Amino acid sequence: MPENQKHDVGSYTQSKQNIDEDDLESDLKKSVDLDKVLSEELGQFGWFQLRNILLVAVPIVMATFINEYVFSAADTPHRCRIPECGEAGKLNKYDPEWISNAVPMTERGFDSCHRFAPIVIESNGTLSYCPNTLFNNNSTVACEGFVYAKNNTVVYEFDLGCQDWLRALAGTLNSIGTLLVLPITGYISDRFGRRIALIISVLNLGVFGLIRAFSVNYTMYLILQLLQTTLGAGAYSTAYIFATELVGPKYRVVTSATISSLFGLGQVFLGSVAWLVSPWRSMLIVLNTPCFLIISYYWILSESLRWLLSKNKYSEAKKVLQTVAKVNNTCISEKSLNALLNSSDSSVTTTKHEGPGILVRTILKSPVLLRRVCTTPIWWITAIFVYYGLSINSTGLSDTMHLNYILTCGIEIPGFYSAVLLLDRIGRKATISSCYFICAFCNIAFVFIPSELTVLRLIIYLLGKFSVSTAMTSLYLFTSELYPTEYRHTLLAFSSMVGRIGSITAPLTPVLKEYWHGIPSFMFAGMAILSALLVFTQPETLGMKLPDTLAEAEAIGKQDKTSTDAEIVKN
């Protein structure tokens with residue numbers, strides 16, 4: 001999704017539960033006593049944790065600004081320029097009274113790329129009078145220039161009429177950048193600290209965003225789009241770790257849903273700013289200028305405690321622990337403090353690393369693990385593809401594209417919390433498969449609802465986005481529970497990385513509407529149905545202990561069957 005996102009999420013996307021939480025769980029294993037100290041002494045959720053969440057809420061909102069291409073490079077209605085009627089430039093009235101004499105009509109309005117062939121005669125028309133005698137209504141020719149309905153988008157600025165695939169490239173490069181950012185942010189975070197990684201990421205968002213506001217051509221705009229996401233899209237994942245790492249186990253799931261909701265809130269904020277500040281250059285300046293405030297976080301945000309412990313920076317870690325106790329109005333004993341620092345030191349030396357070749361051979365030798373490795377990435381591709389696809393296509397629901405985007409992103413918030421309520425009540429499989437089926441039904445129904453029923457179309461569309469948001473949040477937990485501890489991080493990362501195929505292809509779906517308006521919706525529905533059916537091929541994990549070994553992972557789903565067979569034999 002949340003990888004974006006949602007960063008993806010896509011990025012997870014994410015909104016979004018994503019692989020960065022697994023980094024947190026990996027760190028937890030290195031300092032096992034920290035959860036106990038939080039639960040018994042420091043407090044699982046106190047004023048310090050709340051302050052952390054409020055502080056990182058700002059960069060999380062800023063992390064959504066990389067999606068502004070949805071508005072700056074939005075599809076702009078255009079038609080052929082008619083020089084025979086006095087139109088010398090691209091800034092003319094889009095729908096003069098005589099336009100039907102010169103441009104053929106389609107189901108969606110004026111033909112965007114063709115016009116009636118002109119008849120060579122001595123007299124021409126004017127901007128106010130252009131008779132049909134000047135054109136051959138039985139023959140059409142391609143446009144040589146364009147007139148646009150709006151003059152505040154990249155499409156108008158760089159004259160991208162009838163180049164929808166080129167226009168959609170902005171979104172594709174955005175998604176590619178969220179994929180490339182993972183190793184870069186990971187290196188900076190591990191080498192220099194989470195706080196430095198967060199500050200650098202948000203600063204890159206601001207710097208490249210501001211430079212992009214002064215792009216002189218579309219090539220420059222696209223290059224800066226890629227650079228901005230490649231060097232700045234790690235803001236969400238880094239902020240996510242800050243918010244969740246010092247929260248006790250009891251509140252970690254709710255906190256994760258809250259962080260994902262903050263990303264959704266950020267998208268609502270993005271849509272609101274784009275609505276109020278229409279010119280794309282001004283919008284970029286307004287969005288990216290506040291990013292420079294992140295510099296103050298070097299002094300007001302404490303460094304990651306788990307990173308300090310992993311780097312043996314015990315004096316700084318001790319100060320953070322004492323600050324937590326002071327702000328939460330609790331205390332930490334010297335005994336617990338020393339035990340915590342000593343346990344982190346010894347645990348690092350016992351970490352075992354295995355090469356990728358061993359993992360590949362293990363997967364090939366285990367039919368159960370192989371089926372899961374072939375299945376879970378499809379779930380992720382579907383969730384991310386539909387999630388981002390619905391967000392991007394929402395701008396074309398009606399003339400009020402900003403409101404459509406705001407509503408479509410806002411519906412994610414109850415979707416994230418619904419996952420928290422449903423997963424432990426009806427199970428993982430029922431939750432995810434039901435959400436996929438509901439999403440598929442909504443997308444199919446949306447195609448056949450008449451465009452005049454705008455309210456009904458919007459409700460069905462929002463229900464589809466709500467269901468896929470719930471599924472995306474649930475996928476993280478279900479995928480984690482299917483893999484053994486020794487391979488969980490790697491295989492979850494693999495699923496998430498493959499899933500970004502969805503975020504890369506999603507920006508291209510609006511272009512398919514040129515061939516038939518229902519193509520994107522049927523693609524979303526088809527992928528959702530496929531994933532819903534694939535969910536049934538895996539065992540239920542509700543109430544199961546997280547598998548530590550491959551044997552335990554393979555035994556999931558067989559335990560109930562074994563106990564049932566034993567009862568039959570006994571009777």
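Predicted model only: the values in this text are computed from it and were never measured.
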Engineer: Closest heavy-atom contact between Ala170 and Gln225?
Structural biologist: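 Of all heavy-atom pairs spanning Ala170 and Gln225, the closest is O-CG, 3.6 Å.
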Engineer: Got a donor-acceptor contact below 3.5 angstrom from the Tyr218 side chain to the Leu166 backbone?
Structural biologist: yes
Engineer: From Arg79 CZ over to His114 NE2, what is the distance, rounded to the nearest 0.5 angstrom?
Structural biologist: 16.0 Å
Engineer: Search all heavy atoms of Ala525 against all heavy atoms of Ile444 and return the closest pair with its distance.
Structural biologist: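 Minimum heavy-atom separation between Ala525 and Ile444: CB-CG1, 3.6 Å.
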Engineer: Begin with the C-alpha distance, continue with both residues' side-chain angles, and end with the deciding distance and a verdict on ring-ring contact (aromatic ring centres under 6.0 Å, His included) for Tyr221 and Trp280.
Structural biologist: CA-CA 12 Å; Tyr221 176 89; Trp280 71 275; 5.7 Å; yes
Engineer: Tell me, with the steps shown, if Trp516 and Phe522 meet ring-ring contact (aromatic ring centres under 6.0 Å, His included).
Structural biologist: CA-CA 11 Å; Trp516 183 53; Phe522 270 104; 5.8 Å; yes
Engineer: Any non-hydrogen side-chain atom of Val207 less than 4.5 Å from a side-chain atom of Phe292?
Structural biologist: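 Yes. Closest side-chain heavy atoms under 4.5 Å.
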Engineer: So if I apply the side chain to side chain contact (heavy atoms under 4.5 Å, CB included) rule between Thr431 and each of Leu475, Leu421, Leu422, which one comes out positive?
Structural biologist: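 Of the listed residues Leu475, Leu421, Leu422, the side chain to side chain contact (heavy atoms under 4.5 Å, CB included) partner of Thr431 is Leu422.
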Engineer: Got Phe71 and Tyr405 here, is their nearest side-chain heavy-atom distance under 4.5 Å?
Structural biologist: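 Yes, at least one pair of side-chain atoms sits under 4.5 Å.
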Engineer: Roughly how far, to the nearest 0.5 Å, is OG of Ser391 from CG of Asn404?
Structural biologist: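 That separation rounds to 12.0 Å.
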Engineer: With a cut-off of under 6.0 Å to the ring centre and 45° to the axis, is Arg457 in cation-pi contact with Phe446?
Structural biologist: yes
Engineer: Checking the side chain of Tyr483 only, and the main-chain atoms of Arg372 only, is there a donor and an acceptor separated by less than 3.5 Å?
Structural biologist: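 Yes; at least one donor-acceptor contact below 3.5 Å.
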Engineer: Decide yes or no for Asn204 and Ile200: does some side-chain heavy atom of the first lie under 4.5 Å from some side-chain heavy atom of the second?
Structural biologist: yes
Engineer: Taking atom types as modelled, is there a side-chain donor on Tyr436 or Ser467 under 3.5 Å from an acceptor on the other?
Structural biologist: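 Distance-only check fails for Tyr436 and Ser467.
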Engineer: Show the nearest heavy-atom pair for residues Leu287 and Cys291, with the distance to one decimal.
Structural biologist: O-SG, 4.1 Å
Engineer: Taking the six-membered ring for Trp, are Trp379 and Phe478 ring centroids under 6.0 Å apart?
Structural biologist: yes
Engineer: Tell me whether the count of non-hydrogen atoms from other residues, nucleotides or ligands lying under 6.0 Å of CZ in Phe45 goes above 12.
Structural biologist: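 Yes, the 6.0 Å shell around CZ holds more than 12 heavy atoms from other groups.
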Engineer: Identify the two heavy atoms, one from Ile60 and one from Ile259, that lie closest to each other, and give their separation to 0.1 Å.
Structural biologist: CD1-CG2, 3.6 Å
Engineer: Which residues pass the ring pair (Phe, Tyr, Trp, His ring centres under 6.0 Å) test with Phe437, not counting sequence neighbours?
Structural biologist: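 In terms of ring pair (Phe, Tyr, Trp, His ring centres under 6.0 Å), with neighbours along the sequence ignored, Phe437 is linked to no residue.
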Engineer: Between Thr509 and Ala506 (side chain of the first, backbone of the second, donor and acceptor by atom type, cut-off under 3.5 Å), is there such a pair?
Structural biologist: yes
Engineer: Considering non-hydrogen atoms only, spot the tightest contact between Thr238 and Arg194 and give its length.
Structural biologist: CG2-O, 3.2 Å
Engineer: I need the Ile438 CD1 to Asn443 CG distance, nearest 0.5 Å.
Structural biologist: 12.5 Å
Engineer: Take Thr376 and Gln538, measure what side-chain contact (heavy atoms from CB on, under 4.5 Å) needs, and give me the verdict at the end.
Structural biologist: CA-CA 9 Å; Thr376 56; Gln538 301 303 325; 5.8 Å; no
Engineer: Distance check, rounded to the nearest 0.5 Å: Leu403 atom CG versus Leu458 atom CG?
Structural biologist: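 The CG atom of Leu458 is 7.5 Å from CG of Leu403, to the nearest 0.5 Å.
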Engineer: May I ask you to decide if Gly415's main-chain N or O and Ser469's side chain share a donor-acceptor pair within less than 3.5 Å?
Structural biologist: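 No, the answer is negative, given that no donor and acceptor are paired below the 3.5 Å cut-off.
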Engineer: Check the side chains of Thr153 and Thr76 for a donor-acceptor pair under 3.5 angstrom, ignoring hydrogens and angles.
Structural biologist: yes
Engineer: Return the orientation label for the Tyr148 and Phe146 ring planes: parallel under 30°, perpendicular over 60°, tilted otherwise.
Structural biologist: tilted
Engineer: Stepwise, does the side-chain contact (heavy atoms from CB on, under 4.5 Å) test hold for Ile519 with Lys513?
Structural biologist: CA-CA 6 Å; Ile519 293 179; Lys513 291 182 179 179; over 6 Å; no
Engineer: Side chains of Tyr417 and Thr470: any donor to acceptor distance under 3.5 Å?
Structural biologist: no
Engineer: Can you find a heavy atom in the side chain of Leu231 that is under 4.5 Å from one in the side chain of Ser201?
Structural biologist: no
Engineer: Of all the heavy-atom pairs spanning Ala383 and Val468, show the shortest one and how long it is.
Structural biologist: O-CG2, 3.8 Å
Engineer: Are we looking at SG atoms under 2.5 Å apart for Cys162 and Cys113?
Structural biologist: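 In this structure, Cys162 and Cys113 share a disulfide.
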Engineer: Check salt bridge (charged side-chain N to carboxylate O under 4.0 Å, His left out) between Arg281 and all other residues, then give those that pass, not counting sequence neighbours.
Structural biologist: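 Salt bridge (charged side-chain N to carboxylate O under 4.0 Å, His left out) check on Arg281 returns Glu157.
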Engineer: If the test is side chain to side chain contact (heavy atoms under 4.5 Å, CB included), which one of Leu407, Thr408, Ile411, Ile449 qualifies with Tyr461?
Structural biologist: Thr408
Engineer: Is the shortest heavy-atom distance from the side chain of Val202 to the side chain of Tyr297 under 4.5 Å?
Structural biologist: no
Engineer: Spell out, as yes or no, whether a donor-acceptor pair under 3.5 Å connects the side chain of Lys90 to the backbone of Val147.
Structural biologist: no
Engineer: Check the pair His517 / Val447 against side-chain contact (heavy atoms from CB on, under 4.5 Å), numbers first and verdict last.
Structural biologist: CA-CA 8 Å; His517 71 93; Val447 175; 3.9 Å; yes
Engineer: Supply the atom-to-atom distance Thr230 OG1 to Phe208 CZ, rounded to the nearest 0.5 angstrom.
Structural biologist: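 With rounding to 0.5 Å, OG1 (Thr230) is 9.0 Å from CZ (Phe208).
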Engineer: Please check this pair: side chain of Ser175 against backbone of Ser503, looking for a donor-acceptor N/O pair closer than 3.5 Å.
Structural biologist: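 Indeed, once roles are kept as given, a pair shorter than 3.5 Å links the two residues.
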Engineer: Using only atom types and a distance under 3.5 Å, with no angle test, would you say the side chain of Thr64 pairs donor to acceptor with the backbone of Val61?
Structural biologist: yes
Engineer: Answer yes or no: is there a donor N or O on one side and an acceptor on the other, between the side chain of Ser521 and the main chain of Gly518, under 3.5 Å?
Structural biologist: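 No; judged by distance alone, with no hydrogens or angles, the pair does not exist.
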Engineer: Would you call Thr382 and Leu534 a side-chain contact if the rule is heavy atoms closer than 4.5 Å?
Structural biologist: no
Engineer: What's the spacing between Leu262 CG and Phe416 CZ if we round to 0.5 Å?
Structural biologist: 10.5 Å
Engineer: Is any side-chain heavy atom of Val273 less than 4.5 Å from a side-chain heavy atom of Leu276?
Structural biologist: no
Engineer: I'd like to know if the side chain of Ser531 reaches the main chain of Ala528, judged simply by a donor and an acceptor atom lying under 3.5 Å from each other, with no hydrogens or angles considered.
Structural biologist: no
Engineer: Run Ile176 and Ile504 through side-chain contact (heavy atoms from CB on, under 4.5 Å) and show every step you take.
Structural biologist: CA-CA 6 Å; Ile176 292 174; Ile504 292 173; 4.0 Å; yes
Engineer: Keeping Glu540 on the side-chain end and Lys429 on the backbone end, is there a donor-acceptor pair under 3.5 Å?
Structural biologist: yes
Engineer: Quick one, Arg212 and Leu227 - any side-chain contact, counting heavy atoms below 4.5 Å?
Structural biologist: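 Not touching, per the 4.5 Å side-chain cut-off.
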Engineer: Identify, with sequence neighbours excluded, every residue that meets salt bridge (charged side-chain N to carboxylate O under 4.0 Å, His left out) alongside Asp75.
Structural biologist: none
